Amino acid sequence: MSEMFYTTTIPGNGHWSLEVRRGTLMKITDIEGGANVGMLFYNPRNLLERYNAPDTLKCQHTFKLQRGNCLYSDMGRIFASIIEDHSANGEGNWHDTVCGNSTAEQIEKQFGKRDYQKDRNSWLQNGSDAFLVELAKYGLGRADMASNINWFSKVVADENGNIKLDTKNQAAGNSVTLRFEMDTLVLLHACPHPLTRATSYPFKPVQIELGEAEPVSEDDYCKNFRPENQRGFQNNALYYLAAR
């Protein structure tokens, strides 16, 4: 993997956004264990194009995200590929893309009233409002919020279809590395997962590292992980060919 050239830490109730160019690596690390990172993608040249959870799952025949999976837009293109997925404690690792965000109502009911005047930077922020703050920076709003990814949150379903957060794989040092296949506007927050059973607000920070990826080879693991991914990469190539 290429050397990382930028590092920052997102606090356990924080949010951030940035535009990354294709060929960028982003490594996300759970510093203490128990973090959740909500993430959304948009095409900065056409903000109507955004991450599509249903297409990402159905075209790769999966309910969960892990190494090898690609993250699709609603135009059939690939925003990013998951090139590394490290579980520090050796447990099976995967990530949620169906449960959405925590809300102000949920956070208040579970952890108490959000009060910036009293708590300042330690206020009890929720995922939905965190995304709305970042969306507003680009002229977007509630109607533009898509179903998001929740990194480090492993959701399992029982035989009756009931889902819950499986915390056995949560550990300090868990990490996931994305390789961006398109120029991408990335929105993220480190607010609690909506299914968390924590009894106090989980202020769990995450580290974000940025670097430059090696060129994608013909035998690339993600490109060949599913036959559908070959078509996704072809769609990206056509998009950039037409943009010359």
Side-chain angles (χ1 to χ4, degrees), residues 10 14-26 28 36-65 69-83 95-104 125-151 153 176 178-191 194 208 210 213 216 222-223 225-244:
I10 308 299
H15 44 86
W16 191 41
S17 60
L18 73 162
E19 181 180 334
V20 299
R21 296 189 179 276
R22 62 174 174 154
T24 298
L25 290 179
M26 177 182 286
I28 313 163
N36 175 73
V37 179
M39 188 171 285
L40 285 173
F41 305 132
Y42 297 81
N43 181 346
R45 310 295 167 250
N46 174 13
L47 292 169
L48 293 174
E49 182 177 6
R50 54 203 57 172
Y51 173 68
N52 188 290
D55 286 355
T56 295
L57 298 180
K58 70 184 181 183
C59 83
Q60 296 175 96
H61 305 280
T62 188
F63 169 75
K64 56 195 179 185
L65 296 177
N69 285 134
C70 295
L71 308 173
Y72 280 81
S73 82
D74 50 13
M75 302 290 238
R77 292 186 275 264
I78 296 172
F79 278 121
S81 304
I82 305 174
I83 64 168
H95 310 269
D96 163 47
T97 188
V98 300
C99 290
N101 280 304
S102 56
T103 64
Q125 180 62 294
N126 64 86
S128 180
D129 286 342
F131 273 144
L132 287 175
V133 171
E134 297 302 326
L135 285 166
K137 297 176 181 179
Y138 308 95
L140 301 174
R142 191 178 301 275
D144 301 293
M145 195 185 301
S147 296
N148 58 284
I149 300 166
N150 287 304
W151 301 114
S153 293
V176 60
L178 308 179
R179 181 186 63 210
F180 284 88
E181 316 297 356
M182 291 178 61
D183 295 350
T184 303
L185 173 60
V186 182
L187 277 61
L188 63 92
H189 67 68
C191 298
I208 307 293
L210 300 176
V216 179
C222 298
K223 187 176 181 179
F225 188 68
R226 294 290 310 172
E228 294 79 6
N229 291 352
Q230 291 277 354
R231 293 198 292 271
F233 275 91
Q234 290 170 2
N235 290 341
N236 280 34
L238 179 61
Y239 177 72
Y240 281 101
L241 179 65
R244 286 182 180 178

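These figures come from a predicted structure and were not determined experimentally. Excluded from the calculations below are hydrogen atoms, water molecules and symmetry mates; all remaining heavy atoms, backbone and side chain alike, are included.
A cation-pi contact, defined as under 6.0 Å to the ring centre and within 45° of the axis, is absent between Arg50 and Tyr42.
Listed by chain and number, the residues in a salt bridge (charged side-chain N to carboxylate O under 4.0 Å, His left out) with Arg22 amount to none (sequence neighbours excluded).
Side-chain atoms of Asn46 never come within 3.5 Å of backbone atoms of Asn43 as a donor-acceptor pair (strictly under, hydrogens ignored). Between the side chain of Asp96 and the backbone N or O of Cys99, at least one donor-acceptor pair lies under 3.5 Å. A side-chain donor-acceptor contact under 3.5 Å links Asn150 to the backbone of Gly100. In this structure a side-chain-to-backbone donor-acceptor pair under 3.5 Å is missing from Thr62 to Gln60. Thr56 contributes a side-chain N or O that, together with a main-chain N or O of Asn52, makes up a donor-acceptor pair within less than 3.5 Å.
Taking each heavy atom of Asn101 and Pro194 in turn, the nearest pair found is O-CB, 3.7 Å. Across every non-hydrogen atom of Lys137 and Ser17, the tightest pair is CD-OG, 4.2 Å. When all heavy atoms of Asp74 and Asp55 are compared, the pair lying nearest together is CA-OD2, 4.3 Å. When all heavy atoms of Leu188 and Val37 are compared, the closest pair comes out as CB-CG1, 4.3 Å. When every heavy atom of Leu18 is checked against every heavy atom of Tyr138, the shortest pair comes out as N-OH, 4.1 Å. Across every non-hydrogen atom of Ser147 and Tyr51, the tightest pair is O-CD2, 3.2 Å.
Here the straight-line distance linking atom SG of Cys222 with atom CD1 of Ile82 works out to 7.5 Å at 0.5 Å rounding. Taken to the nearest 0.5 Å, the CG atom of Leu40 stands 10.0 Å off from the CZ atom of Phe79. To the nearest 0.5 Å, the span separating CD1 on Ile28 from CD1 on Ile208 amounts to 5.0 Å. In this structure, Arg179 CZ and Leu71 CG are separated by 11.0 Å, a value rounded to the nearest 0.5 Å. The distance from atom CG of Leu25 to atom CG of Leu210, rounded to the nearest 0.5 Å, is 9.0 Å. In this structure, Arg77 CZ and Thr184 OG1 are separated by 11.0 Å, a value rounded to the nearest 0.5 Å.
Contact annotation: the side chain of Cys59 never approaches that of Arg231 to less than 4.5 Å [non-hydrogen atoms, C-beta and beyond]. In this structure, the side chains of Met39 and Trp151 come closer than 4.5 Å at one or more pairs of heavy atoms. With contacts defined as side-chain heavy-atom distances shorter than 4.5 Å, the pair Phe63/Val98 qualifies. Taking the side chain as every heavy atom from C-beta outward, Val133 and His189 never approach each other to under 4.5 Å. When side chains are defined from C-beta on, Ser81 counts as touching Ile78, because their heavy atoms get closer than 4.5 Å. Inter-residue side-chain proximity for Met26 and Val186 is flagged as met; some heavy-atom pair is nearer than 4.5 Å.
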**OP:** Apply side-chain contact (heavy atoms from CB on, under 4.5 Å) to Arg142 and Leu132, showing your working.
**Re:** CA-CA 6 Å; Arg142 191 178 301 275; Leu132 287 175; 3.3 Å; yes

Subject >> Criterion salt bridge (charged side-chain N to carboxylate O under 4.0 Å, His left out) on Glu228 and Lys58, from CA distance to verdict >> reply: CA-CA 10 Å; Glu228 294 79 6; Lys58 70 184 181 183; over 6 Å; no

Subject >> side-chain contact (heavy atoms from CB on, under 4.5 Å) assessment of Glu49 paired with Met182 >> reply: CA-CA 12 Å; Glu49 182 177 6; Met182 291 178 61; 4.0 Å; yes

Original post:
Which is it for Asn229 and Tyr72 under the side chain to side chain donor-acceptor pair (under 3.5 Å) test, yes or no, and what are the steps along the way?
Top reply: CA-CA 9 Å; Asn229 291 352; Tyr72 280 81; 2.7 Å; yes

Subject >> Evaluation steps, side-chain contact (heavy atoms from CB on, under 4.5 Å), between Leu135 and Leu187 >> reply: CA-CA 8 Å; Leu135 285 166; Leu187 277 61; 3.5 Å; yes

Subject >> side-chain contact (heavy atoms from CB on, under 4.5 Å) assessment of Asp183 paired with Val20 >> reply: CA-CA 6 Å; Asp183 295 350; Val20 299; over 6 Å; no

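Between Glu181 and Lys223 there is no salt bridge, since none of the side-chain N atoms of the basic residue sits less than 4.0 Å from a carboxylate O of the acidic one.
There is no side-chain donor-acceptor pair under 3.5 Å between Asn126 and Ser102.
With ring centers used as reference points, Phe131 lies 6.0 Å or more from His15.
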